[in-house]
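See below for the structure under consideration.
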There are 2 protein chains.
Amino acid sequence: MKTDHVDTILAQWKAQRPDLDCSPMGVIGRVGRAKQLMTIRVDGVFKQFDLSNIEFDILASLRRASEAVTPTELYQTLMLSSGAMSTRVDGLVKRGLVERQASEIDRRSCLVTLTTEGLVLIDKVVEAHVDNEREMLSSLDDNEQAQLAALLKKWLMANE
Amino acid sequence: MKTDHVDTILAQWKAQRPDLDCSPMGVIGRVGRAKQLMTIRVDGVFKQFDLSNIEFDILASLRRASEAVTPTELYQTLMLSSGAMSTRVDGLVKRGLVERQASEIDRRSCLVTLTTEGLVLIDKVVEAHVDNEREMLSSLDDNEQAQLAALLKKWLMANE
DNA sequence: TATTGTTATACTCTATAACTATA
DNA sequence: TATAGTTATAGAGTATAACAATA
């Protein structure tokens with residue numbers, strides 16, 4: 001029976017603390033380990049377009065949105081501080097990927113929108129990103145992928 | 001049919017980019033989202049013991065190891081730079097949780113070991129940690145947890 | 001008074017590379 | 001020469017809070 005890295009850790013705990021049932025680590029440890037390895041490969045694609053993970057998330061949020069988005073919505077959705085979001089948006093503005101437009105109804109506020117250049121870029125990046133993800137999952141067949149998504153979704157619906 | 005956060009994102013992509021098959025996001029996005037939420041709760045327990053995630057990993061590595069561990073082994077296992085590991089070990093030494101012992105065979109090297117205090121602490125933390133993880137998984141039954149672990153393990157064996 | 005968004009500050013964490021001592 | 005580990009430096013990224021403008 002083949003093993004992964006988490007099996008090794010579980011065996012070590014079993015040897016040192018046989019009184020402890022570490023089986024939850026077999027689930028949560030693997031979620032963390034998988035995420036870690038997936039992140040490296042996902043970020044590799046973003047890096048090809050000179051984007052960080054968060055910059056991708058901002059551009060993708062703007063691309064997905066059917067209505068205009070404010071900085072407040074962005075930092076709340078992406079779980080960043082308002083200050084951090086200002087800094088990030090600044091960087092994207094400097095690169096000509098997004099613009100700030102004054103709000104017509106609330107003069108304290110603004111709307112962050114993609115420039116044409118930003119739209120073209122995020123559309124390219126998303127395509128490369130999804131292709132990369134599909135390739136990353138090729139070690140599981142369609143049924144296994146669906147099962148995995150369904151189990152995680154069940155957990156998420158109870159915990160998010 | 002109930003939905004989670006990833007369903008929302010998938011629906012938005014479907015609306016804006018109907019040409020794009022984003023189904024891989026349904027898997028990888030959920031792994032990431034689950035990891036994100038799990039991390040918050042896992043770190044909550046570590047924080048109760050005034051430990052960071054990495055400090056826990058160092059203490060746990062030492063506790064699990066059957067033989068003495070060098071800083072080099074630690075930073076390679078935990079994927080940190082040597083400098084970062086030195087800083088981390090320093091902090092744990094200052095708190096009396098680990099000690100550096102000169103190696104008897106290689107005088108450039110040292111062995112990092114748990115103090116009695118460190119051993120007592122990590123044993124307590126691991127117990128609280130596993131209890132917390134078990135509670136976090138209570139929305140899945142034993143069979144579902146096993147399935148989830150098995151699917152992730154299959155992916156990990158092909159990708160790590 | 002409360003809220004939106006920006007700016008300024010300080011902090012945490014890290015990688016890099018220079019460095020010491022030893023192999 | 002190469003390696004183990006430490007130290008010093010600099011950089012990235014962040015939260016916090018003060019701030020200005022508007023609600």
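Proteins come first, then strands; the chains are lettered A, B, ... in the order of their sequence lines, and each starts at number 1. In this text the structure is predicted, and so the values were computed from the model without any measurement.
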The side chain of A:R100 lies closest to which of these nucleotides: C:dT6, D:dA4, D:dT22?
C:dT6

Round to a whole Å and report the spacing from CD1 of A:I105 to C1' of C:dT4.
13 Å

Proximal nucleotide (of C:dT14, D:dA15, C:dA17) relative to the B:S82 side chain:
C:dA17

So, OP1 or OP2 of C:dT4: does either fall under 4.0 Å of a side-chain N or O from A:S109?
no

Between C1' of D:dA4 and CG of B:L80, the distance in whole Å:
17 Å

Any idea which of C:dT4, D:dA15, D:dT7 is nearest the A:S81 side chain?
D:dA15

A:D106 has a side chain; which of D:dA15, D:dA2, D:dT22 sits nearest to it?
D:dT22

What's the CG-C1' distance between A:D90 and D:dA12, to the nearest Å?
16 Å

May I have the distance from B:Y75 (atom OH) to D:dT6 (atom P), rounded to whole angstrom?
11 Å

For B:C22, does its backbone N or O pair with a side-chain atom of B:K14 as donor and acceptor, under 3.5 Å?
no

Is there a residue in residues 42-59 of chain B whose heavy atoms reach under 4.0 Å of DNA chain C, and which residues are they?
B:I54

Please determine, for the side chain of A:R108, which listed nucleotide (C:dT4, D:dT7, C:dT6) has the closest atom?
C:dT4

Separation of atom NZ in B:K94 from atom P in D:dT6, rounded to whole Å
12 Å

Rounded interatomic separation in angstrom, taking CD from B:E73 and C1' from D:dA4:
12 Å

I'd like to know if B:R134 and A:D21 make a salt bridge, using a cut-off of under 4.0 Å between side-chain N and carboxylate O.
yes

Given D:dT16, C:dT14, D:dT6, identify the nucleotide with an atom nearest to the side chain of B:P71.
D:dT6

Within the structure shown, what part of the strands sits under 4.0 Å from A:S103 by heavy-atom distance: base, sugar-phosphate, or nothing?
nothing

Should the pair A:D90-A:R100 be classified as a salt bridge under the 4.0 Å nitrogen-to-oxygen rule?
yes

Quick one: does A:D123's side chain have a donor or acceptor within less than 3.5 Å of a partner on A:V120's backbone?
no

May I ask you to verify whether the side chain of A:R107 and the base of D:dT22 hold a donor-acceptor pair under 3.5 Å?
no

Are the charged groups of A:E117 and A:R95 less than 4.0 angstrom apart, N to O?
no

Please give, in whole Å, the distance from D:dA23 C1' to A:E104 CD?
17 Å

Rounded to the nearest Å, what distance is computed from the CE atom of residue B:M79 to the P atom of nucleotide C:dC13?
18 Å

Applying a 4.0 Å non-hydrogen cut-off, can you work out what B:T87 is touching in the nucleic acid: base, sugar-phosphate, or nothing?
nothing

Counting only side-chain nitrogens and oxygens, does B:R88 get under 4.0 Å of the OP1 or OP2 atom of C:dC13?
yes

Could you tell me which non-hydrogen atom of B:R88 sits nearest to which non-hydrogen atom of B:I54, and how far apart they are?
CD-CG2, 3.9 Å

From D:dA23, C:dT14, C:dT6, nucleotide with atom closest to B:A84 side chain:
C:dT14

Should the ring pair B:F46 and B:F56 be called parallel, tilted or perpendicular, given that the plane angle runs from 0 to 90° and is split at 30 and 60?
parallel

Under a 3.5 Å distance rule, please check whether B:Q145 uses its side chain to pair with a backbone N or O of B:L140 as donor and acceptor.
yes

